[in-house]
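It should be emphasised that the depicted structure is a prediction, and the values quoted were computed from it without experimental measurement. Worth knowing before you read on, the calculation uses all heavy atoms, side chains too, and leaves out hydrogens, waters and symmetry mates. Order of the sequence lines fixes the chain letters, A, B, ..., with proteins taken first and strands second; residue numbering starts at 1 for each chain.
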Protein chains: 2
Amino acid sequence: MNTTSLPCKELFSIPSHLVYLDGNSLGPPLRGSAELAAHVVNEEWGRELINAWNTEDWMSLPVTVANQIAPIIGAPQDSISAGDTLSIKAYQALAAAIQMRPNRQIVLSDSGNFPTDLYIAQGLIDLIDKSHKLRTPPPEEVLDNITEEVAVVYLTHVDYRTGRMHDMKAITEKAHQVGAVTIWDLAHSVGAVPLELQESQTEFAVGCTYKYLNGGPGAPAFIYVRPDIVTSIDPAIAGWMGHKSPFAMSLKYDPVHSVERFRIGTPSVVQFKLLQLALKVWQTLDMKEVRKRSVHLSKLFIDEIESRCPALTLTSPRSSAMRGSQVSFSYANAYSVIQALSDQGLIGDFREPNIMRFGITPLYLDEGDITRAAQILEQVVSDETWRRPQYEVRKTVT
Amino acid sequence: MNTTSLPCKELFSIPSHLVYLDGNSLGPPLRGSAELAAHVVNEEWGRELINAWNTEDWMSLPVTVANQIAPIIGAPQDSISAGDTLSIKAYQALAAAIQMRPNRQIVLSDSGNFPTDLYIAQGLIDLIDKSHKLRTPPPEEVLDNITEEVAVVYLTHVDYRTGRMHDMKAITEKAHQVGAVTIWDLAHSVGAVPLELQESQTEFAVGCTYKYLNGGPGAPAFIYVRPDIVTSIDPAIAGWMGHKSPFAMSLKYDPVHSVERFRIGTPSVVQFKLLQLALKVWQTLDMKEVRKRSVHLSKLFIDEIESRCPALTLTSPRSSAMRGSQVSFSYANAYSVIQALSDQGLIGDFREPNIMRFGITPLYLDEGDITRAAQILEQVVSDETWRRPQYEVRKTVT
C-alpha cells in the first residue's frame, strides 16, 4: 500500500509503539514543547519576573494566539478572543445572544450536544429569569425546530460521540431568516474540517484548542464574535482585561472597542505559549488538503474495520460530507475493548453508552497507522482479549 | 546588622543582581519549576497522552491543589475549588451571594477595591436585573454602610495600592448581624497574612495564586465556600466538571455534592502542576512566623526609606496591624522612579496615580535585600536618575 503523510508528521512527538486515535480528545505535543515550557519558566518568568508581561509580550499573547486561530476557521483578524475554558466562552456567547433577543424565550440546542453546553445554558437561564426554555430535539430535527420563538440556536457543529456534522450554512441561514442568533461550538470542528465563519454570518462561535489544534491539556479556549456586533455587546463577565484601559484602574467598567472585551482575567501564560507553538504548524497547512486526507483515512478505517470486525456497528454517518474527523463504532463491550486496545498500543476512547470513538488526525497519522489500528482492533475483538478481568473496572477518561 | 532569612529562601530562583519587591504582583519560580514543566510536557502529556488524565492524576489536580491552599488560609479540607481566574471565581461567588438574598438590592464594596471585582459586579447586575446597586464608599466607611438593605458585602481584604487591611472579623460579624452575605477577595492576603476563614464564618472567599503563592503567570485561582451552604447553591456557571458524574454525559445538570460544583471546565494542567510545586514550600512554614518576618522587614523598609528619602510619603498604614505584606509610598514622579529603579536592580511597581508599591515577601527576602533596596531607592531619588528621558514613556505593567 502506498503510504503518504503530511510533511508535518515528523514535527509531533508520539511514542513509536502507539497508534494514537484520540487526538480528537487531546492532541499530542509538537516537538520542542518541553524545551519551550522550560524556557518560559526559567528565562521569561524566572529571569524577567514581572517585567516579562512587557518584555516577553505576555500581555498580548491572547491577541497573538487568537489571530493564529482565525485563518484556520475562516475568520478575519481581530475577530477572536482567546482564554479561559470552552464552558466560559460558551457562557459569554449565550449571555450575549439572549440579551440580543429580549422578547424571545427559546434556546434551541440538540440532544447530541456536549453536556457542558447544555449545563451552561441551564445555569444561565436559572440565574437570569427562569422564563427561558432550553429545547433539545434530536440533531436531525433541529432545522424543523427553528421557528420565530427561538432566540438562539446553540449547537455543537460536530457531535462528540458520532462525529455527525450539522449543516452550518443551512442552519445559520434558517436561524437568521426567523430572526434568531446563532452560536456554534467548534470543539470537534476547529482543525478538523474547513470552516468559513465569516461567510456563514454566524454571530458567535466558541471552541477549544487541546483537541485538533494540539494546544495541550487545559489549553485556552476562544470565542469568535461577528465584527459588526462586537461593540454593541456588554459582556456578562466583565473582567479587567476586557477594559479599554485596564491599568488606569478606573472604578467604572468601560469595555475596549474590540473583541478583546471578551477577555476576562490574567491569561495562563505557560499554556498560551504551548498553544502558540502548536499553532505554528498551521501556517504550512492548507485546511482543504487536511480535510482531503482526513476523509481518505476515515474511509480507509471504516472499510478496514467493517471487513475485519463485522460485530461492530458504524455509528458515524457513512457519508463523509456529514462527518467530522472522527469515526465511531458501537459495540456492547465497548468500554472493555477500549481498555484492551490501549494495552495493545491503540489509543481510542469510550463514550457512554457503548461507543468507541477514534479520532482521524492527518497531521500525524498516515495509512500505515490506520491499518495497524485496524489489525489491533481485529485481534482484540476476535481473540476476546477484552474479556480479561483488568478491563472491566471503569476509570475516568476525558 | 544581623541578617536572617527563612530556610526556604534558597528554594527560589531569583537573579542575584535583583532585589525583587514585586512578589505581590508575580511571585518568582521555585527551583525545579522548569524541569517540572518539561517533565509534564514530555513524560506526562507526550508519553501518556489522553491516559494522563488518570495515570498522572490530572483530573484530581484541582482537588489536590485546593487542599494544599486550605491550611494557608485557615480553611478546612474540601472547602475550596481551584481553577479559572480570580475574576471568574468572584463572579461565581457574587452570583451565588445575590441569589441567597433575593429581597435585598445592595452590593456593598469600597472605592479601594481592585477594579475587576467592581467590573464583575457591574456586569452581573446588568445581566440579571439592573435593579441591584453597587455601592463603593471609601474603605474607612464600609463598616458604617453595612445596613439591612445590604445583600452582599464584597471586599478585597488588603488594598492593592496601599496595603491597607480591612478588619475581616469585625466586618463579617456586622454583615451577619444585619443578615448580609460576605465575600472576601484574598488576592493580596493569601500567603501574605494569617487568615482564619473557617473561624470568620464568611460565606465566600476568592483568591489568586500567582502573587504570594508563587504559582506562576496565569496560575489557577480559587474559591472558598463555607461548607454548610455548598450544596444549597446552584452554580451560575454550570460547567461539566462540576457535575456529579461528568462522564455519564447526562443532558441534565446535576451538581456534585461538594465544593467541586464550582469547577467549570478542563483544568489548565501545566499551570496546576507548577502551582502544586510552589505550594509544597508552605508545608514547612508557619504562617505566624511568615507574618512576623513580614512585619519586621516592612518596618525596616519604612524606617530606611523615611530616613533616606524624606520626599516620599508613606501611603500604607503605619500600624502593621492594619497593613498587609506590602509597603507603598507616593511621590509625584513615581512612574519614572519605578522605571529607573528597575535598571538599578530594584523591582517594585507603579500604580495610578503616583504610588510606588513594594511587596515584602519573607519567603525569599531578608534584611540584606531590604537595606539594598533602600540604598538603590535613595540613590535614584537623590541623584534624580529618574529624570532621564527613557523613564518617561509609560508601559503596561500588571
Let's go through Leu127(B) and Asp234(A) carefully: what are the C-alpha distance in whole Å and the side-chain angles of both, what is the deciding distance for side-chain contact (heavy atoms from CB on, under 4.5 Å) to 0.1 Å, and is it a yes or a no? CA-CA 9 Å; Leu127(B) 178 71; Asp234(A) 288 321; over 6 Å; no

CA sep, side-chain torsions, deciding dist, call: Thr266(B), Cys208(A), side-chain contact (heavy atoms from CB on, under 4.5 Å): CA-CA 10 Å; Thr266(B) 304; Cys208(A) 65; over 6 Å; no

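Among residues two or more places apart in sequence or in another chain, the ring-ring contact (aromatic ring centres under 6.0 Å, His included) test is passed with Phe114(A) by Tyr160(A), Trp240(B).
Taking chain A as the reference chain and counting heavy-atom pairs below 4.5 Å, the highest number among Tyr253(B), Tyr210(B), Tyr91(B), Tyr119(B) is found for Tyr119(B). Counting heavy-atom pairs closer than 4.5 Å to chain A, the top residue among Ile128(B), Asn42(B), Val270(B), Leu118(B) is Val270(B). Between chain A and the residues Gly242(B), Gly239(B), Pro255(B), Gly23(B), the largest count of heavy-atom pairs under 4.5 Å involves Gly239(B). Ranked by heavy-atom pairs under 4.5 Å with chain B, the list Pro29(A), Ala52(A), Ala95(A), Ser111(A) is led by Pro29(A). Ranking Ala238(B), Gly218(B), Gly123(B) against chain A, the residue ahead of the rest is Ala238(B), based on heavy-atom pairs under 4.5 Å. Most heavy-atom pairs under 4.5 Å with chain B, from the set Ser13(A), Pro246(A), Gly216(A): that is Gly216(A). Among the candidates Phe272(A), Trp58(A), Phe12(A), the residue making the largest number of heavy-atom pairs closer than 4.5 Å to chain B is Trp58(A). Among Arg31(A), Arg47(A), Lys252(A), the residue with the largest count of heavy-atom pairs under 4.5 Å with chain B is Lys252(A).
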Please set out all donor-acceptor pairs under 3.5 angstrom arising from side-chain atoms of residues 82-90 of chain B, sequence neighbours excluded.
{"residue": "Asp84(B)", "atom": "OD2", "partner": "Lys89(B)", "partner atom": "NZ", "Å": "2.9"}
{"residue": "Ser87(B)", "atom": "OG", "partner": "Thr116(B)", "partner atom": "OG1", "Å": "2.9"}
{"residue": "Lys89(B)", "atom": "NZ", "partner": "Gln92(B)", "partner atom": "OE1", "Å": "2.8"}
{"residue": "Lys89(B)", "atom": "NZ", "partner": "Phe262(B)", "partner atom": "O", "Å": "2.9"}

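Of the two parts of Ala248(A), only the backbone, made up of N, CA, C and O, holds a non-hydrogen atom closer than 4.5 Å to a non-hydrogen atom of chain B. Contacts between Ile120(A) and chain B at a heavy-atom distance below 4.5 Å involve backbone atoms as well as side-chain atoms. Of the atoms belonging to Leu36(A), not a single heavy atom falls under 4.5 Å from chain B. Proximity to chain A (any heavy atom under 4.5 Å) is restricted, for Ile347(B), to the side chain, taken from C-beta onward. Looking at Leu18(B), only its side chain comes within 4.5 Å of chain A, counting heavy atoms on both sides. Proximity to chain B involves both the backbone and the side chain of Ser250(A), based on heavy atoms less than 4.5 angstrom apart. Contact annotation for Pro267(A): only backbone heavy atoms (N, CA, C, O) come within less than 4.5 Å of a heavy atom of chain B. When heavy atoms are compared at a cutoff of 4.5 Å, Pro235(A) approaches chain B solely by way of its backbone atoms N, CA, C and O. Within the 4.5 angstrom heavy-atom criterion, only side-chain atoms of Leu274(A), from C-beta onward, approach chain B. Within the 4.5 angstrom heavy-atom criterion, only side-chain atoms of Tyr20(B), from C-beta onward, approach chain A. Of the atoms belonging to Asn24(A), not a single heavy atom falls under 4.5 Å from chain B. Using a 4.5 Å cut-off between heavy atoms, His39(A) makes no contact with chain B at all.
To the nearest 0.5 Å, atom CE of residue Met249(A) and atom CD1 of residue Ile355(B) are 11.0 Å apart. Distance CG/Leu251(A) to CD/Gln122(B): 8.5 Å, rounded to 0.5 Å. To the nearest 0.5 Å, the span separating CD1 on Ile14(B) from CG on Leu49(A) amounts to 7.0 Å.
Val41(A) and Ala34(B) get closest at one heavy-atom pair: CG1-N, 3.5 Å. Taking all atoms of both residues into account, the shortest heavy-atom contact from Ala37(B) to Ala37(A) is CB-CB, 4.0 Å. Here the closest heavy-atom approach between residue Ala38(A) and residue Ala38(B) is recorded as CB-CB, 4.3 Å. Ile50(B) approaches Ser25(A) most closely through the heavy-atom pair CD1-OG, 3.2 Å. Among all heavy-atom pairs drawn from Trp45(B) and Pro217(A), the shortest one is CD2-CD, 3.7 Å.
Looking only at distances, a side-chain donor or acceptor of Gln271(B) sits under 3.5 Å from a matching main-chain atom of Val269(A).
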